[in-house]
Amino acid sequence: MTSQPYTVDVRRLNEFSAIELYAMLKLRVDVFVVEQECPYPELDGNDIDCLHLRLMHGDELLACARLWRPSNEVLPRVGRVAVSPDHRGKKLGEALMREAIIACEREYPGEAIEISAQSHLQRFYGSLGFTVTSEEYVEDGIPHVDMIRSAP
């Protein structure tokens, strides 16, 4: 797809320059802590073990997510899904999740994928093949549900 308005970048934390890392962490803090008014430990110690997926337009960060598997006993997860407020309404959330699914399938072949989804986004994630697997719960003041996407 050469007509994509973005490029996909997937790499480990130690492969980012200081400026690239700053931009990604700033977007996450701007969305989760400031916009959603959720004071929580965004820098939770897990980023080091994750793959970080970014949608880029040149040097501009459009969206990001992290992919990880905390241990072999749990399924791979997609989290910290964020789209820049300046680029909303362009279906980048859907593009980001589709790219995250592709990256998870490449990194963790034959495995299902888990997410902790904000409850109001169940239909969105459902359209990507995720199904609800838990009752609603409150995390950091926001209603969530666990969802899973079966292995291909």
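For clarity, every value in this text was computed on a predicted model and none was experimentally measured. Just so you know, these numbers use all the heavy atoms, side chains as well, and skip hydrogens, waters and symmetry mates.
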Does [X] come within less than 4.0 Å of [Y], counting only side-chain N to carboxylate O?
X: Glu15; Y: Arg54; result: no
X: Arg69; Y: Glu107; result: no
X: Asp47; Y: Arg28; result: yes
X: Glu111; Y: Arg149; result: no
X: Arg11; Y: Asp9; result: yes
X: Glu35; Y: Arg88; result: yes

Taking the side chain as every heavy atom from C-beta outward, state whether [X] and [Y] have any atom pair closer than 4.5 Å.
X: Glu105; Y: Pro152; answer: yes
X: Phe130; Y: Ile148; answer: no
X: Ile113; Y: Leu75; answer: no
X: His87; Y: His57; answer: no
X: Cys104; Y: Leu53; answer: no

Point-to-point distance, once rounded to the nearest 0.5 Å, from [atom1] of [X] to [atom2] of [Y]:
X: Asp146; Y: Thr131; atom1: CG; atom2: OG1; value: 11.0 Å
X: Leu121; Y: Met147; atom1: CG; atom2: CE; value: 9.5 Å
X: Leu13; Y: His52; atom1: CG; atom2: NE2; value: 4.5 Å

Common cluster, [X]/[Y], ILVMFWY with side-chain heavy-atom separation under 4.5 Å:
X: Ile142; Y: Phe32; answer: no
X: Ile48; Y: Val74; answer: no
X: Val132; Y: Val81; answer: yes
X: Leu21; Y: Leu55; answer: no
X: Val10; Y: Phe16; answer: no

Is the backbone N or O of [Y] less than 3.5 Å from a side-chain atom of [X], with the two atoms forming a donor-acceptor pair by type?
X: Ser84; Y: Leu62; answer: no
X: Arg77; Y: Leu67; answer: no
X: Glu37; Y: Val34; answer: no

Restricting to non-hydrogen atoms, name the atom on [X] and the atom on [Y] that form the minimum distance, rounded to 0.1 Å.
X: Leu61; Y: Ala23; result: CD2-O, 3.6 Å
X: Ala151; Y: Gly110; result: CB-O, 3.4 Å
X: Pro76; Y: Ala112; result: CD-O, 3.3 Å

Subject >> Worked check of side chain to side chain contact (heavy atoms under 4.5 Å, CB included) between Leu27 and Cys64 >> reply: CA-CA 8 Å; Leu27 173 60; Cys64 63; 3.9 Å; yes
Original post:
After noting the C-alpha distance and the side-chain angles of Leu51 and Trp68, does the key distance pass the side chain to side chain contact (heavy atoms under 4.5 Å, CB included) rule?
Top reply: CA-CA 6 Å; Leu51 280 174; Trp68 71 307; over 6 Å; no
**OP:** For the residue pair Tyr137 and His144, categorise the inter-ring angle as parallel (less than 30°), tilted (30 to 60°) or perpendicular (more than 60°).
**Re:**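 Geometry flag for His144 against Tyr137: parallel rings.
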Original post:
Residues in side-chain hydrogen bond (donor to acceptor under 3.5 Å, both in side chains) with Tyr22, at least two apart?
Top reply: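 side-chain hydrogen bond (donor to acceptor under 3.5 Å, both in side chains) check on Tyr22 returns nothing, list empty.
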**OP:** Report the C-alpha distance between Val33 and Cys38 in whole Å, list the side-chain angles of each, state the deciding distance to 0.1 Å, and finish with yes or no for side chain to side chain contact (heavy atoms under 4.5 Å, CB included).
**Re:** CA-CA 5 Å; Val33 179; Cys38 229; 5.7 Å; no
**OP:** Would you please name every residue forming a salt bridge (charged side-chain N to carboxylate O under 4.0 Å, His left out) with Glu94, sequence neighbours left out?
**Re:**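 Testing Glu94 for salt bridge (charged side-chain N to carboxylate O under 4.0 Å, His left out), a comparison that skips the adjacent residues, returns Arg98.
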Original post:
In this structure, are over 12 heavy atoms from other groups packed under 6.0 Å from Leu43 atom CG?
Top reply: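 Atom CG in Leu43 is crowded, with more than 12 foreign heavy atoms closer than 6.0 Å.
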**OP:** Verify the neighbour count for atom CG of Asp59: are there more than 12 heavy atoms of other residues, nucleotides or ligands below 6.0 Å?
**Re:**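 Counting other residues, nucleotides and ligands, CG of Asp59 stays at 12 neighbours or fewer.
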**OP:** Give the intermediate values and the outcome of salt bridge (charged side-chain N to carboxylate O under 4.0 Å, His left out) for residues Arg66 and Asp49.
**Re:** CA-CA 10 Å; Arg66 72 179 187 185; Asp49 298 322; over 6 Å; no
Original post:
Do we see a donor-acceptor contact under 3.5 Å between the side chains of Gln118 and Glu139?
Top reply: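 Result is no, nothing qualifies.
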Original post:
Is there a side chain to side chain contact (heavy atoms under 4.5 Å, CB included) between Glu42 and Arg80 once you walk through the steps?
Top reply: CA-CA 9 Å; Glu42 169 56 30; Arg80 299 299 203 267; 2.9 Å; yes
